[in-house]
There are 2 protein chains.
Amino acid sequence: MSIAEPLPRYAEIRRELEEKILSGEWPPGHRVPSEHDLVAQFGCSRMTVNKAISALAAAGLVVRRRRSGSFVAAPKSQETVLEVHDIKAEITGSGRSYRYVILDRERRRARPEDLARLGAAKGSFDVEALTVLHFADERPFVYEKRLINLAVVPAAAREAFAASPPGTWLLEQIPWTEAEHTIRAENAGADVAHHLAVARGAACLVVARRTFQAGTTITAVTLTYPGERHQLVARFSPATR
Amino acid sequence: MSIAEPLPRYAEIRRELEEKILSGEWPPGHRVPSEHDLVAQFGCSRMTVNKAISALAAAGLVVRRRRSGSFVAAPKSQETVLEVHDIKAEITGSGRSYRYVILDRERRRARPEDLARLGAAKGSFDVEALTVLHFADERPFVYEKRLINLAVVPAAAREAFAASPPGTWLLEQIPWTEAEHTIRAENAGADVAHHLAVARGAACLVVARRTFQAGTTITAVTLTYPGERHQLVARFSPATR
DNA sequence: AGGCTGATTATGTATAGACAATAAGAGCGG
DNA sequence: CCGCTCTTATTGTCTATACATAATCAGCCT
């Protein structure tokens, strides 16, 4: 499976130290040998071991303190990298056919509830409100309600979203600097049940995302997935954090 | 607020390049000046600019190709760091009172369905099966069903879990090397509805987690949260990935 | 045109050395 | 014992250089 590729020296040293930490041989708080000692042990220059230990520090496995030395870090809180793909890519990436319809579309002055969804305190600007239904293999996959801040993305008002759905189009258009996800479970209301073809009251996974650029909200989207047909999966290791 | 701390030279260069990328001045695909050019521009050695660009590459903002140069990376797929805290820490951290009860506990030889939950193909070993209910401010917070692989953690059979609940105890006991999360929505069954004090059929957020050490599963846990009372929140920016 | 070859260029890795910053420890005076 | 300074160990950053590796490009031969 894995060919014997010659790892660079610093990666080799890093791996060796990492193994001692992950195996528990060096428990949290244990002092890692000094760079000087490691230079003698591995027979390389200090820059090389420095690169190895610095990488471990960047990964949060060790803490470095001047004069004191490097120490194995305390076990981290459970943080996981959750991949939430672009819907189009998520579906086509797994070999299924993809289609979407825009159920509703309205341009309006931002109402108080729109401002709340965007997380904006106040303001007077226009928003584009969209309701989109995405299909995977011709079955309803996710029900999307989106608000786009037209003060930031005026082009959205003129876009037909014929080639790409709004989410994909936005990703291609503007760089974002921050995003916020909220994940919860909800019972399907009449509207959602109808469009997703599930029973009323069926458990649905709701992912709400707000995307920001330099402090102002670009878009707020709520994605409702049928609970029994969709799940988010995340696999990770503490080292690659 | 922020004092004028003298950033190291490589961090300063990194910040400057990063700003050009995040502001959109350098769109995806744009070629970053070569190390040689940056050396001339910033008046430092190549190792220093190399460190800056390498950091950007590690963060996924640029892609480096030999001979070709460094290029601004395409916008990444939406990946977010989801913090899933230890339950005890999660509750006490927000100032609420914490309590738990062990509803059920059994030591048994691993059954086929246990093996499936642990993700083990086959094997003959004992497991500790636990059902725990956690309270926040005396209200049911989460319903936990856990399996512990006693072949890896024999001490779990002798532990009373009097001071800490099993999840917290395990975190303190053994280092893990990998974990897998699955998040879905489910309608509450009779059992869950009773313990969480919600209506039957109420939407619940189900987080299933498997924790591994060097390939073998340590523990598999299913956490069921009442949907209307709990949500996972994740905030992140692409640069800090 | 097609394909081979060698030069060029940019990054990848490594070395040896230097000075700075910081914190721990040693020693000393009161 | 307390507080001061001096020394020293350790990491942080930076320079200058070197060779390796890979990809592109230009030119040459058939």
Side-chain angles (χ1 to χ4, degrees), chain A residues 2-21 26-74 239-240, chain B residues 2-18 20-21 26-74 240:
Chain A
S2 65
I3 52 170
E5 45 180 310
L7 277 180
R9 198 84 179 92
Y10 75 89
E12 205 178 304
I13 295 172
R14 182 202 152 136
R15 209 185 45 73
E16 200 153 319
L17 301 178
E18 193 169 298
E19 206 235 302
K20 289 222 200 303
I21 295 170
W26 288 353
H30 180 275
R31 177 167 174 180
V32 176
S34 76
E35 297 189 354
H36 183 265
D37 292 350
L38 291 172
V39 161
Q41 180 181 331
F42 288 100
C44 61
S45 79
R46 192 168 78 92
M47 278 297 290
T48 303
V49 301
N50 179 291
K51 197 167 178 178
I53 307 182
S54 294
L56 289 178
L61 279 179
V62 302
V63 175
R64 314 198 73 186
R65 276 199 297 278
R66 270 187 173 141
R67 160 67 196 178
S68 312
S70 303
F71 301 87
V72 176
T240 60
Chain B
S2 65
I3 52 172
E5 45 179 311
L7 277 179
R9 200 81 179 95
Y10 74 90
E12 204 177 306
I13 295 172
R14 183 202 153 137
R15 209 185 45 71
E16 199 152 320
L17 299 178
E18 193 169 297
K20 289 224 200 302
I21 295 170
W26 288 353
H30 181 274
R31 177 168 175 181
V32 177
S34 77
E35 297 190 355
H36 183 266
D37 292 349
L38 291 172
V39 161
Q41 180 181 332
F42 288 101
C44 61
S45 80
R46 192 167 78 91
M47 279 297 290
T48 303
V49 302
N50 179 289
K51 197 167 178 179
I53 307 182
S54 294
L56 289 178
L61 279 178
V62 303
V63 175
R64 313 197 74 186
R65 276 199 299 280
R66 273 189 170 137
R67 159 67 194 177
S68 313
S70 303
F71 300 87
V72 176
T240 60

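Chain identifiers are assigned alphabetically (A, B, ...) following the order of the sequence lines, protein sequences preceding nucleic acid strands; residue numbering begins at 1 within each chain. Just so it is clear, the structure is predicted and the values come from calculations on it, not from any experiment. The analysis underlying the following values was restricted to heavy atoms, covering all of them including side chains, and did not include hydrogens, waters or symmetry mates.
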Looking for any heavy atom pair under 4.0 Å, which part of the strands does A/S70 touch: base, sugar-phosphate only, or nothing?
sugar-phosphate

Just by distance, do the side chain of B/R14 and the backbone of B/K51 share a donor-acceptor pair under 3.5 Å?
no

Upstream residue (5' side of DNA chain C) when A/G43 and B/E35 are each assigned their closest nucleotide
B/E35

For the pair made of CZ in A/R14 and P in C/dT13, what is the distance, rounded to whole Å?
13 Å

What are the 5'-most and 3'-most nucleotides of DNA chain D lying under 4.0 Å from any heavy atom of chain A?
D/dT8 to D/dC14

Test of understanding: with side-chain hydrogen bond (donor to acceptor under 3.5 Å, both in side chains), list the residues that count as partners of B/R66, not counting sequence neighbours.
none

Non-neighbouring partners of B/E16 that pass salt bridge (Lys or Arg N to Asp or Glu O under 4.0 Å), sequence neighbours left out
none

Does some side-chain heavy atom of B/V72 sit less than 4.5 Å from a side-chain heavy atom of B/P27?
no

Pairing of A/R9 and A/E12 as salt bridge, 4.0 angstrom limit:
yes

A/E19, CD atom: more than 12 neighbouring heavy atoms under 6.0 Å
no

Rounded to whole angstroms, how far apart are CG on B/L38 and C1' on C/dT11?
13 Å

Please determine, for the side chain of B/R31, which listed nucleotide (C/dG12, C/dT13, C/dA10) has the closest atom?
C/dA10

Nearest whole Å is fine: how far is C/dA14 C1' from A/L7 CG?
15 Å

Value in whole Å for how far the P atom of C/dA16 lies from NE2 of A/H36
13 Å

With B/H30, which residues qualify under ring pair (Phe, Tyr, Trp, His ring centres under 6.0 Å), at least two apart?
B/W26

For B/R46, which residues count as a salt bridge (Lys or Arg N to Asp or Glu O under 4.0 Å) partner, sequence neighbours excluded?
B/E35

Which nucleotides of nucleotides 17-26 of chain C have their base under 4.0 Å from a protein heavy atom (B), which only their sugar-phosphate (S), and which neither (-), written as one string 5' to 3'?
BB--BBBB--

